[in-house]
Amino acid sequence: MPAAESEVAGILAGYRLPAKIPFGAELAPIMFRADYRGGKWHAGALVPFADVPINPASTALQFGQQAFEGMKAYVKAESSPVLFRPNLNWRRFARSAERLKMPVVPAKLFAEALSSVVISLADFIPVERGQSLYLRPTMFGLDPHFAVKGSDRFVFLLIASPSDAYYSSPIRIMIERENFRAARGGTGDVKVGGNYAASLKANENCVALGFDQSLWLDPTAGKNIEELSAMNFMAVIDGELHTPALSGSLLEGVTRDSLMKLANHLGIESTARVMPVDELVKDIESGRCSELFACGTGAIVAPISAIGEASGREWRLQHIGVMSSELKDELLDIQEGKTADPFGWVVGAADLKALAKFIKR
Ligand SMILES: Cc1ncc(COP(=O)(O)O)c(C=O)c1O
């Protein structure tokens with residue numbers, strides 16, 4: 001066995017999951033790494049999880065040339081681990097890379113990273129309801145220079161986190177009318193670090209005002225709902241599911257798409273459309289809008305109990321976690337293999353060839 005492989009095997013042999021694994025807090029002791037240089041990706045491998053040396057003048061640190069993804073692997077007792085719609089994460093990761101002038105990680109390399117990390121950590125994937133191996137594909141530019149241009153060298157990492165279920169207690173959201181996390185023609189529709197950095201200050205302000213998270217509006221008119229800082233937004237209006245249409249400045253969530261398709265499958269109409277925030281407030285006042293929730297890979301759904309303004313004005317929802325809990329349970333049943341998967345969303349991690357084919361489709 002080559003030295004690196006036996007080092008990884010030794011690390012895994014000595015690894016024990018801590019008693020508590022809050023969502024995204026425990027970092028697995030191994031990761032996958034592949035490097036891009038000389039115009040091509042070089043063979044990747046499992047390596048010990050460790051700090052990555054980085055030049056202080058690198059494009060990642062100076063210009064935010066960085067992208068990432070968030071996805072989950074599940075394992076049920078006596079079956080091998082599965083991934084949920086990894087093709088969508090790969091496609092989004094590719095779009096993020098291209099937007100920041102980074103090379104696309106080929107589907108085969110992405111599949112190899114997923115398969116090797118997930119299968120190596122199979123014994124450490126917790127199996128209770130909602131627990132998973134959270135996966136964070138990450139990529140950044142290495143070249144050191146102060147001229148605003150791209151890089152010729154990049155690192156791709158797949159980091160993993162054995163995680164407990166993330167139950168979001170109902171959140172109170174504040175309509176953010178001053179700041180914008182994204183710009184028209186900017187990077188809001190891809191998953192890059194700068195979007196999150198741009199949200200931090202406003203989010204801190206909304207927490208200081210007694211809310212939990214900011215609700216971002218479109219950066220052009222400042223009128224239409226976009227999303228939360230790390231989740232998409234959904235409303236139940238007249239018993240139907242409504243979500244903001246993709247605007248070019250909000251992220252196309254895997255969970256958003258899955259919940260809309262699942263709702264249709266369950267006989268619930270779902271619509272993606274322009275959603276003026278003032279119209280939504282009127283719909284809450286009239287009772288047409290009964291429920292709001294956010295959705296994303298981590299929590300699947302986060303029920304919203306109230307929506308408000310910086311002035312302190314607030315509208316409470318009639319229902320908290322009614323349709324959203326039903327959708328969450330249905331989705332989790334598919335992810336955990338407790339029910340049939342009518343959409344073909346779940347794919348095994350062990351068969352590398354089949355996984356690479358699935359990812360490319
Ligand atoms: C800004 C933003 N919107 C929406 C989402 C939800 O996306 P997904 O369902 O793919 O996790 C996320 C999470 O990745 C996010 O960071």
Side-chain angles (χ1 to χ4, degrees), residues 23-24 64 66-74 83-97 99 110 114 130 132-139 159 161 163 165-166 168 171 173 176 179-183 186-200 202-203 206 212-219 224-235 241 243-263 270 272 275 292-302 304 324 327-328 330-332 334-335 343 345-346 359:
F23 183 78
Q66 178 268 12
F68 66 101
E69 268 304 317
M71 52 203 294
K72 284 176 174 172
Y74 296 86
L83 290 151
F84 181 71
R85 307 188 79 184
N87 50 324
L88 299 191
N89 295 98
W90 175 68
R91 232 184 278 158
R92 194 168 65 186
F93 197 43
R95 278 207 328 270
S96 303
R99 182 64 181 80
F110 195 74
L114 286 172
S132 65
L133 183 68
Y134 179 73
L135 296 159
R136 179 57 70 100
T138 302
M139 161 179 195
I159 309 164
S161 172
S163 289
Y166 179 59
S168 173
I171 53 173
I173 59 171
E176 175 56 61
N179 298 279
F180 296 90
R181 70 179 273 286
T187 58
D189 65 342
V190 289
K191 205 162 163 64
V192 300
N195 296 340
Y196 300 84
S199 73
L200 297 176
N203 220 71
C206 105
D212 298 300
Q213 292 200 28
S214 312
L215 178 66
W216 300 98
L217 302 182
D218 76 280
N224 304 316
I225 298 170
E226 294 243 295
E227 60 178 332
L228 284 82
S229 297
M231 283 186 278
N232 290 116
F233 179 84
M234 301 234 163
L241 195 59
T243 193
L246 300 177
S247 61
S249 47
L250 68 87
L251 195 74
E252 182 173 8
V254 176
T255 318
R256 170 187 178 276
D257 181 79
S258 307
L259 292 184
M260 284 199 293
K261 292 200 163 83
L262 198 53
S270 74
M275 292 183 71
L292 299 179
F293 60 97
C295 65
T297 296
I300 303 178
V301 305
I304 294 171
S324 63
L327 290 173
K328 177 179 178 171
E330 293 281 341
L331 187 57
L332 209 43
I334 293 176
Q335 291 171 328
F343 307 97
W345 283 341
V346 170
I359 284 175

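Order of listing sets the numbers, starting from 1, for every ligand and every atom in it.
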Taking side chain as C-beta onward, heavy atoms only, is L331 less than 4.5 Å from K328?
no
Checking side-chain polar atoms at under 3.5 Å, does E226 have a donor or acceptor matched by the opposite partner on S249?
yes
Using a cut-off of 6.0 Å, state whether more than 12 heavy atoms not belonging to F23 lie near its atom CZ.
yes
Before giving the answer on salt bridge (Lys or Arg N to Asp or Glu O under 4.0 Å), spell out for R92 and E69 the whole-Å C-alpha distance, their side-chain angles and the decisive distance to 0.1 Å.
CA-CA 8 Å; R92 194 168 65 186; E69 268 304 317; 2.8 Å; yes
Could you check if a side-chain atom of F233 sits within less than 4.5 angstrom of a side-chain atom of I304, using non-hydrogen atoms only?
yes
Listed partners of E227 passing salt bridge (charged side-chain N to carboxylate O under 4.0 Å, His left out), at least two apart
R181
Which pairs of N or O atoms, one from ligand 1 and one from the protein, are separated by less than 3.5 Å, and what is the distance for each pair?
{"unit_1": "ligand 1", "atom_1": "3 (N)", "unit_2": "E227", "atom_2": "OE1", "d": "2.6"}
{"unit_1": "ligand 1", "atom_1": "9 (O)", "unit_2": "V254", "atom_2": "N", "d": "3.2"}
{"unit_1": "ligand 1", "atom_1": "9 (O)", "unit_2": "T255", "atom_2": "N", "d": "2.9"}
{"unit_1": "ligand 1", "atom_1": "9 (O)", "unit_2": "T255", "atom_2": "OG1", "d": "2.6"}
{"unit_1": "ligand 1", "atom_1": "10 (O)", "unit_2": "R92", "atom_2": "NH1", "d": "2.9"}
{"unit_1": "ligand 1", "atom_1": "10 (O)", "unit_2": "R92", "atom_2": "NH2", "d": "3.1"}
{"unit_1": "ligand 1", "atom_1": "10 (O)", "unit_2": "V254", "atom_2": "N", "d": "2.8"}
{"unit_1": "ligand 1", "atom_1": "11 (O)", "unit_2": "T297", "atom_2": "N", "d": "2.9"}
{"unit_1": "ligand 1", "atom_1": "11 (O)", "unit_2": "T297", "atom_2": "OG1", "d": "2.6"}
{"unit_1": "ligand 1", "atom_1": "14 (O)", "unit_2": "K191", "atom_2": "NZ", "d": "2.7"}
{"unit_1": "ligand 1", "atom_1": "16 (O)", "unit_2": "K191", "atom_2": "NZ", "d": "3.2"}
{"unit_1": "ligand 1", "atom_1": "16 (O)", "unit_2": "Y196", "atom_2": "OH", "d": "2.5"}

